[in-house]
**Student:** 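Please see the structure below; I have some questions.
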Amino acid sequence: MALDFLPYETRFQFNVLTAEERAAKELQDNVGAAAWADVIGMAMSAPTITNPRRG
């Protein structure tokens, strides 16, 4: 949803970029993919366990 409603500058601050924007940024910075880690995105996609299984 952020891609649809937030301006680029705000999304850039929160590291919410499209694949094309990331590629352009990597080329601009000349550092490659190693510089980008979408920590928020990774945390949101990680499964959460609320009640551990027993047995």
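This one's a predicted model, so the numbers in the text were calculated from it and none came from an experiment. Only heavy atoms go into these numbers, but all of them, side chains included; no hydrogens, no water, no symmetry mates.
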**Student:** Could you tell me whether the side chain of Leu3 reaches within less than 4.5 Å of the side chain of Val16, counting heavy atoms only?
**Tutor:**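 The answer is yes, as the side chains (C-beta and beyond) meet within the 4.5 Å cut-off.
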**Student:** Less than 4.5 Å apart, side chain to side chain, heavy atoms only: is that true for Gln13 and Leu6?
**Tutor:**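 No - every pair of side-chain heavy atoms lies 4.5 Å or more apart.
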**Student:** With side chains defined as the heavy atoms from C-beta onward, is the minimum distance between Arg11 and Tyr8 less than 4.5 Å?
**Tutor:**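 Yes. Closest side-chain heavy atoms under 4.5 Å.
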**Student:** Is any side-chain heavy atom of Lys25 closer than 4.5 Å to one of Phe12?
**Tutor:**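 In short, these two side chains touch, coming nearer than 4.5 Å.
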